[in-house]
Amino acid sequence: MKRATMVQPSSTFVNINKKNLWVSLAIAVLSLCFVPINVSASVRRHPPQQHHLSRKPSPKLRFGRNGEFKILQVADMHYADGKTTPCEDVLPSQVDGCSDLNTTAFIHRMIEAEKPNFIIFTGDNIYGFDSKDSAKSMDAAFAPAIAARIPWAAVLGNHDQEGTLSREGVMKHIVGLNHTLSQFNPSEFHVIDGFGNYNLEVGGVEGSGFVNKSILNLYFLDSGDYSTVPAIPGYGWIKPSQQLWFQRTSAKLRRAYMSPPNAQKSSAPGLVYFHIPLPEVASFDSTNFTGVRQEGIGSASVNSGFFTTLVEAGDVKAVFTGHDHVNDFCGQLTGIQLCYGGGFGYHAYGKAGWPRRARVVVASLEKTEEGGWGTVKSIKTWKRLDDKHLTAIDGEVLWSKKHTGKVE
C-alpha cells in the first residue's frame, strides 16, 4: 500500500513519500554524471578525514560444531526513548502500555528462540527525530544483543542521523559498543562514500580443514539517506566508490578461497546487507516471490548499477534490506535473492494486526568424505512473527549447490 495511506510516525517531520519517482533515462544518466565518485554527501558537508577507529581485535566468526551459521536480521527498530515512546499501527487492544520496550522484548524472545551466531541490524535502528538523545537510544536499541554477548553488526538507514548525532557520529558510536563487529569504513580506502562499509569473514568449523579460510563472506554497505543531487528526488543509493570497494574486496576473497590450503574452484558464497532496497526489487510480483508486498518499493529514483555489479562479481547469493516495513518477501533475479527483513520495531509504521517480524538465515555445511565439515552446502531462511508462539513462516532455500526453492 502507498505510504500516504499509512499512519506516519508521531512527529511533525514529513518523510519523503516512498513512491517510485522514476525520471527519464536521459535525465538520470546526465544527473549521475555529476555525482562525485569519491565524495559522499556526508563527506561534502565535512572535510575528508580518516576515521579508522582503534578497537580491540574482534572475535572471528565461524561455523558452529553443528555445521551451521545462523544470522538474525533485525530491520527498522525505529527506537527512540524507551517506555515513553508509543507504538505505531497496532490494534486498539495493544495500544495501552505499548512502547519501544515491546521492540526490546521481541529481540530478547528471538535470541532465546533462535540462539543466533550473529545479529545484523539493517538500518533505521533509531528514529532520530523522536529521540531526545541519539547515543542513549542506540545503547537501549542494541542492549539485548550486547547483554546476550552475541557478535552483532549494524548499518545505517535514512532516519538514524535525524537526532542529536550526525550520520558520522552515529556510526562512530556504534563501533564503540560492546560485542559489535561493525566497522566505520575500510582502512584501505582513503575516501569512500558513507559510513559503515565493511566486510566480515566467516571461517570453517574449529578443527576442520577450513578453520583458517573464509567459507561465507558478509558485506555491509551504507545505502545513504536522501539524494543530495537536485535533479534526482527521493532516497540515496550506493555510490561508485562503494561499488569499487565491493569489487576489490570480492575479488580478494575469491583469490583467497581459490588458493591453498584446500583450494576451491569458485568463490565462497556471499551475503550483502544494507538498508534501502535496490530498484530491481520492483520487478517482482506475487507470482515470483515468497512473502508479501503491501507497499511500494522505496528505492532510489535512479539506478546506480549496483545490482549489475553484484551479478558480475559472481559470489553474492542474497541481498537483505529493510526500509519498506510491510514488505517481507524474497525474490530471485539473475541468480541473486533480493529479500526484505520485514518490519521489526513498534515505533515504526506498520499494519495493525500484521505482526512485527524478523528474518533468520542459516548457512549449512556439507559433510566431507572423511566425515568432517566442508564448505557451504545451502543457505535457508524463514521469518518469525512476534505472536504468542513466535510462529515461523515462509521457509525456503535461498541457495544450494543443487537448487533453490521452498523448504520441504
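Position 1 is the first residue of the sequence; numbering continues from there.
Distance alone, capped at 3.5 Å, places no donor-acceptor pair between the Arg293 side chain and the Asn327 backbone. Panel note: side chain Ser208, backbone Val205; a donor-acceptor pair is recorded below 3.5 Å. Of the possible donor and acceptor atoms, none in the side chain of Lys136 sits under 3.5 Å from a partner among the backbone N and O of Ser134. Under the 3.5 Å distance criterion, the side-chain polar atoms of Arg357 are matched with a main-chain donor or acceptor of Pro355. In this structure, Thr103 contributes its side chain and Tyr346 its backbone to a donor-acceptor pair below 3.5 Å. A donor-acceptor pair under 3.5 Å is formed between the side chain of Asp124 and the backbone N or O of Asn158. Although no hydrogens or angles enter the test, the distance criterion places a donor-acceptor pair under 3.5 Å between the side chain of Lys213 and the main chain of Pro261. Using modelled atom types, no side-chain atom of Glu206 and backbone atom of Arg65 make a donor-acceptor pair closer than 3.5 Å. With hydrogens and angles ignored, the 3.5 Å screen pairs a side-chain donor or acceptor of Lys70 with a backbone N or O of Glu114. Remark: the backbone N or O of Asp100 is not paired with any side-chain donor or acceptor of Thr85 at under 3.5 angstrom.
For the pair Lys172/Phe184, a side-chain contact is recorded, criterion being any heavy-atom separation below 4.5 Å from C-beta on. In this structure, the side chains of Trp237 and Ser299 stay at 4.5 Å or more apart for every pair of heavy atoms. Here the side chains of Met110 and Ile107 are not in contact, with every heavy-atom distance at 4.5 Å or above. Residues Leu365 and Lys377 fail the side-chain proximity criterion, which asks for heavy atoms closer than 4.5 Å. Considering only heavy atoms from C-beta on, Cys330 comes within 4.5 Å of Leu398 through its side chain.
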Inset, instruction - Could you check Asp222 against Arg167 for side chain to side chain contact (heavy atoms under 4.5 Å, CB included), going step by step and ending with a plain yes or no? - result: CA-CA 10 Å; Asp222 180 358; Arg167 195 170 185 82; 2.6 Å; yes
Inset, instruction - Would you sort out whether Glu280 and Asn303 count as a side-chain hydrogen bond (donor to acceptor under 3.5 Å, both in side chains), showing the intermediate values? - result: CA-CA 9 Å; Glu280 283 80 6; Asn303 194 324; 2.8 Å; yes
Inset, instruction - Take Asn217 and Tyr257, measure what side chain to side chain contact (heavy atoms under 4.5 Å, CB included) needs, and give me the verdict at the end. - result: CA-CA 10 Å; Asn217 297 314; Tyr257 192 64; over 6 Å; no
Inset, instruction - Mind running side chain to side chain contact (heavy atoms under 4.5 Å, CB included) on Ile120 and Phe320 for me, showing each step along the way? - result: CA-CA 10 Å; Ile120 170 64; Phe320 302 93; over 6 Å; no
Inset, instruction - Just do the side chain to side chain contact (heavy atoms under 4.5 Å, CB included) check on Trp245 and Asn185 with the steps written out, would you? - result: CA-CA 10 Å; Trp245 165 77; Asn185 263 339; over 6 Å; no
Legend entry - Chi angles and distances behind the side-chain hydrogen bond (donor to acceptor under 3.5 Å, both in side chains) call for Tyr349, Glu295: CA-CA 12 Å; Tyr349 77 82; Glu295 65 174 306; 2.7 Å; yes
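Aromatic ring centroids of Phe142 and Trp152 lie under 6.0 Å apart. Side-chain rings of His347 and His78 stay apart, their centers remaining 6.0 Å or farther from each other. The aromatic ring centres of Phe306 and Phe246 sit less than 6.0 Å apart. In this structure, Tyr235 has its ring center under 6.0 Å from that of Tyr226.
Classified by interplanar angle (parallel below 30°, tilted 30° to 60°, perpendicular above 60°), the ring pair Phe63/Phe69 is tilted. Note: Tyr340 and Phe329 have perpendicular aromatic rings, judged against thresholds of 30 and 60 degrees for the angle between ring planes. Taking the six-membered ring where tryptophan is involved, the planes of Phe344 and Phe106 are essentially parallel, since the angle between them stays under 30° and well short of 60°.
Counting all heavy atoms, side chain and backbone alike, Gln161 lies closest to Ser166 at CB-C, 3.9 Å. Summarising the geometry of Pro151 relative to Leu181, their closest heavy-atom pair is CB-CD1, 4.0 Å, with the distance given to 0.1 Å. Residues Asp225 and Ile276 approach most closely at O-CD1, 3.8 Å, considering heavy atoms. Considering every non-hydrogen atom in both Ile126 and Asp160, the closest pair reads N-OD1, 3.1 Å. In terms of heavy-atom proximity, Gln242 sits nearest to Asn197 at NE2-OD1, 2.8 Å. Of all non-hydrogen atoms in Val376 and Lys401, the two that sit nearest each other are O-CE, 3.0 Å.
Gln73 CD to Phe121 CZ: the interatomic distance, rounded to the nearest 0.5 Å, is 11.0 Å. Here the CG-NE2 distance, from Asp324 to His275, works out to 8.0 Å after rounding to the nearest 0.5 Å. Here the CG-CD1 distance, from Leu338 to Ile336, works out to 7.0 Å after rounding to the nearest 0.5 Å. Here the CG atom belonging to Asp139 is positioned 10.5 Å from the CD1 atom belonging to Ile174, to the nearest 0.5 angstrom. To the nearest 0.5 Å, the span separating CG on Leu271 from CZ on Phe220 amounts to 8.5 Å. The line from OG of Ser400 to NZ of Lys317 is 10.5 Å long, rounded to the nearest 0.5 Å.
Counting heavy atoms of neighbouring residues, nucleotides and ligands inside a 6.0 Å radius, atom NZ of Lys115 exceeds 12 of them. Crowding of Asn212 atom CG: a count of heavy atoms from other residues, nucleotides or ligands under 6.0 Å not exceeding 12. Atom NZ of Lys367 has more than 12 neighbouring heavy atoms from other residues, nucleotides or ligands inside a 6.0 Å radius.
Taking a cutoff of 4.0 Å between a charged side-chain nitrogen and a carboxylate oxygen, Arg254 and Asp315 do not qualify as a salt bridge.
The only option from Leu310, Thr321, Leu333, Ile297 that meets the side-chain contact (heavy atoms from CB on, under 4.5 Å) definition with Leu278 turns out to be Leu310.
Under the 3.5 Å distance criterion, with hydrogens and angles disregarded, no donor-acceptor pair is assigned to the side chains of Thr290 and Asp394. There is a side-chain donor-acceptor pair under 3.5 Å between Thr375 and Glu366.
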